[in-house]
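So the structure is just underneath, and the comments pick up after that.
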Amino acid sequence: MAILQKHGKNSSPDLVCLKETPPDKIGDAGGHQKNWSEQNTNWPRPLARVWTVVLLLGTCLLYCARVAMPICAVSMAEKFNWTKREQGMVLGSFFWGYCFTQVLGGYVSDRVGGEKVLLLSAAAWGAMTAFTPVLAHFCSQPIFSMTLARFLMGLLQGVHYPSLASLCSQKVVESERGFLMSTVGSGSYLGTLVIGGAGSLMLDLYGWESVFYVSGLLSVLWAYCMWKYLLKGEGPIITLESLGSGGPQSKLSRRHWLRLFKQPAVCAVIITHLCTASTFFTLLSWLPTYFKDTFPDAKGWVFNVIPWFVAIPSSLFSGCLSDHLISQGFDTATVRKLMQFFSMGVSSVFTLLLCGTTTFPTAVAFVSVTMGLTTFSHSGVSVNVQDLAPSCAGALFGVMNTCGAFSGVLMVYFSGYLIEATGSWASVFALITVVNLVGLVTFLAFAEARRVDIDSSKGRYHNIHI
């Protein structure tokens with residue numbers, strides 16, 4: 001592991017060249033950069049803290065709405081006489097919609113502002129969640145209406161994380177991005193815990209419909225409050241004109257995008273995020289089955305709750321640690337690599353230890369440490385894309401998340417094949433470790449934190465525009 005060394009935060013020669021060149025000497029490109037800085041002023045720290053809390057709650061509600069269907073799936077299957085195959089079709093349809101709007105969400109966010117996309121999408125998927133019981137009861141074929149509803153939910157929620165990446169890159173200073181992204185990222189674990197506890201209680205007391213009504217209406221209320229108090233009631237109107245010429249963006253340059261994807265650092269973040277997402281989805285999907293098979297008498301709430309309780313403070317700690325190191329003058333790229341080393345390297349050690357675990361408490365402890373360390377990626381590769389290309393961070397993160405989602409599903413299926421073929425969980429944990437190491441080595445070798453959406457040959461900015 002590389003030794004942390006202190007460097008200037010803006011050590012890139014391109015940035016130095018830009019700083020030393022008076023604005024009137026830069027020409028058109030300099031004028032373009034001026035517009036970028038004027039229209040993308042950073043939030044002051046108090047406002048950034050408010051947005052952090054609001055986005056944390058939004059991500060929490062996102063997962064409450066997302067997990068509502070899996071929690072209610074058994075009750076709905078009994079109500080509508082679904083087979084296991086039909087139940088799987090309903091649950092799986094979310095993924096296909098989720099993949100298709102990642103890049104689009106980032107594209108629109110980079111041009112008109114991530115807060116507008118977040119607001120519109122939250123109002124839409126919140127309303128869709130609340131309307132789900134109505135569709136189920138009043139449609140003659142509930143299996144088709146629910147499959148369509150879950151597909152639409154995936155489409156609407158697919159824009160969330162790319163919009164967050166775009167918003168953070170435009171409004172948050174480099175030394176505070178780790179804390180914001182790790183805090184907001186912990187909302188996914190918090191939402192899973194909240195809907196798992198409160199949702200199960202509502203399911204038993206008031207029926208499965210109540211889970212959708214409450215989570216959906218709370219999401220719509222969150223969107224309204226954000227519009228009313230943070231956006232000051234400004235209409236989140238996204239027009240074709242704003243997409244064509246809005247913000248600091250210019251029209252699509254295929255040459256610039258090709259140059260961007262030829263950068264080793266960009267390829268590194270895509271590959272590393274792909275590996276991170278694949279291993280996380282695999283653990284998320286198969287760990288409950290692992291505990292049921294290995295420790296059949298264990299209490300389900302223990303291994304379904306404790307790892308997530310560990311993940312929340314771990315995610316917050318990683319964000320505070322990374323921002324503190326950067327604020328102390330340590331090289332940003334080295335800090336990102338350190339966070340990813342804990343996320344993929346150290347966590348793999350505890351994953352491998354599961355192979356020889358024979359007691360339930362030890363297995364829960366190893367899984368909890370693994371899930372906790374995995375959250376360090378929120379301050380590693382997830383933020384690194386904003387360091388590399390802030391002018392198109394949303395679209396680039398959408399590309400990363402799309403690749404990660406597809407590869408995650410493939411790895412989940414392949415892990416099931418390994419379990420059936422070998423009859424051993426050690427093969428799955430070994431696969432997770434290998435994939436983690438591939439992503440980690442790639443990131444350590446090629447990751448950077450300097451901007452690559454600039455034309456270094458001319459010593460001036462040329463944002464990679466969509």
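When a residue number appears, it is its place in the shown sequence, counting from 1. Heavy-atom basis, side chains included; hydrogens, waters and symmetry copies ignored. From a predicted model like this one, the values you see are computed outputs, not experimental measurements.
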Donor-acceptor contact below 3.5 Å, side chain Arg150 vs main chain Gly92: no
Within-4.5 Å side-chain heavy-atom neighbours: Tyr161 and Leu62: yes
Phe309 ring center near Tyr189 ring center (under 6.0 Å): no
Steps toward side-chain contact (heavy atoms from CB on, under 4.5 Å) verdict (Asp110, Gln170): CA-CA 9 Å; Asp110 288 335; Gln170 295 173 9; 4.1 Å; yes
Donor-acceptor contact present, side-chain Asn384 to main-chain Arg336, <3.5 Å: no
From CD1 (Ile271) to CZ (Phe443), nearest 0.5 Å: 12.0 Å
Pair Ser215, Thr129: side-chain N/O donor-acceptor within cut-off below 3.5 Å: no
Main-chain N/O of Val399 paired to Gln102 side chain as donor or acceptor, under 3.5 Å: no
side-chain contact (heavy atoms from CB on, under 4.5 Å) between Asn436 and Leu440, worked out: CA-CA 6 Å; Asn436 268 338; Leu440 178 61; over 6 Å; no
Criterion side-chain contact (heavy atoms from CB on, under 4.5 Å) on Trp51 and Met226, from CA distance to verdict: CA-CA 9 Å; Trp51 271 99; Met226 186 175 78; 3.7 Å; yes
Under 3.5 Å: donor-acceptor pair, side chain of Gln157, backbone of Trp125: no
Nearest heavy atoms of Thr370 and Ser347, plus distance in Å: OG1-O, 3.7 Å
Separation of Thr192 OG1 from Trp308 CH2 (nearest 0.5 Å): 6.0 Å
For Leu167 against Gly114, the heavy-atom pair lying closest together: CB-CA, 4.3 Å
Note, Asn401 side chain near Tyr98 side chain (heavy atom, < 4.5 Å): yes
Check: Ser379 main-chain N/O paired with Ser382 side-chain donor or acceptor under 3.5 Å: no
Thr375 and Ser315: side chain donor to acceptor below 3.5 Å: no
Distance in Å, Arg451 CZ paired with Gln386 CD, rounded so as to fall on 0.5 Å steps: 12.5 Å
Phe376 backbone acceptor or donor facing Ser343 side chain under 3.5 Å: no
Close side-chain approach of Leu437 and Thr433, heavy atoms under 4.5 Å: yes
Spacing of Leu155 atom CG and Ser121 atom OG [to the nearest 0.5 Å]: 12.0 Å
Nearest-0.5 Å distance, CG of residue Leu316 to CG of residue Leu56: 8.0 Å
Heavy-atom closest contact (Ile432 atom, Thr279 atom, distance): O-CG2, 3.6 Å
Any donor-acceptor N or O pair under 3.5 Å, side chains Ser377, Thr276: no
Evaluation steps, side chain to side chain donor-acceptor pair (under 3.5 Å), between Ser318 and Ser182: CA-CA 7 Å; Ser318 70; Ser182 62; 4.5 Å; no
For Thr59, all residues meeting side chain to side chain donor-acceptor pair (under 3.5 Å), sequence neighbours excluded: His160
pair Val54-Tyr229: side-chain heavy atoms closer than 4.5 Å: no
Shortest non-hydrogen contact between Ile270 and Cys403, atoms and distance: CG2-SG, 4.3 Å
Sub-4.5 Å side-chain heavy-atom contact between Val367 and Leu287: yes
Trp227 side chain vs Leu120 backbone, donor-acceptor pair below 3.5 Å: no
Aromatic ring pairing Phe291/Phe295, orientation class (parallel under 30°, perpendicular over 60°, tilted between): tilted
Val214 side chain reached by Leu218 side chain, heavy atoms, under 4.5 Å: yes
Over all atoms of both residues, closest heavy-atom pair of Val117 and Ser163: CG1-OG, 3.2 Å
Non-hydrogen side-chain atoms of Met411 and Leu431 separated by less than 4.5 Å: yes
Lys337 side chain vs Leu444 backbone, donor-acceptor pair below 3.5 Å: yes
Heavy-atom pair with the smallest gap, counting every atom of Leu373 and Ser314: N-OG, 4.1 Å
Backbone of Gly439 reached by a side-chain donor or acceptor of Thr272 within 3.5 Å: yes
Whether Phe366 and Phe350 hold their rings parallel, tilted or perpendicular, with breakpoints at 30° and 60°: tilted
Val381 vs Val385, side-chain contact (heavy atoms from CB on, under 4.5 Å): CA-CA, chis, key distance, verdict: CA-CA 7 Å; Val381 66; Val385 65; over 6 Å; no
Residue Phe342 excluded, over 12 heavy atoms near CZ under 6.0 Å: no
Phe95, CZ atom: more than 12 neighbouring heavy atoms under 6.0 Å: yes
Side chains of Phe303 and Tyr290 in contact at under 4.5 Å (non-hydrogen atoms): no
From Glu176 atom CD to Arg45 atom CZ, the distance as rounded to the nearest 0.5 Å: 4.0 Å
Whether over 12 other heavy atoms sit under 6.0 Å from Phe261 CZ: yes
Between Ser278 and Ser407, a side-chain donor and acceptor under 3.5 Å: yes
Residues Thr332 and Glu174: side-chain donor-acceptor under 3.5 angstrom: yes
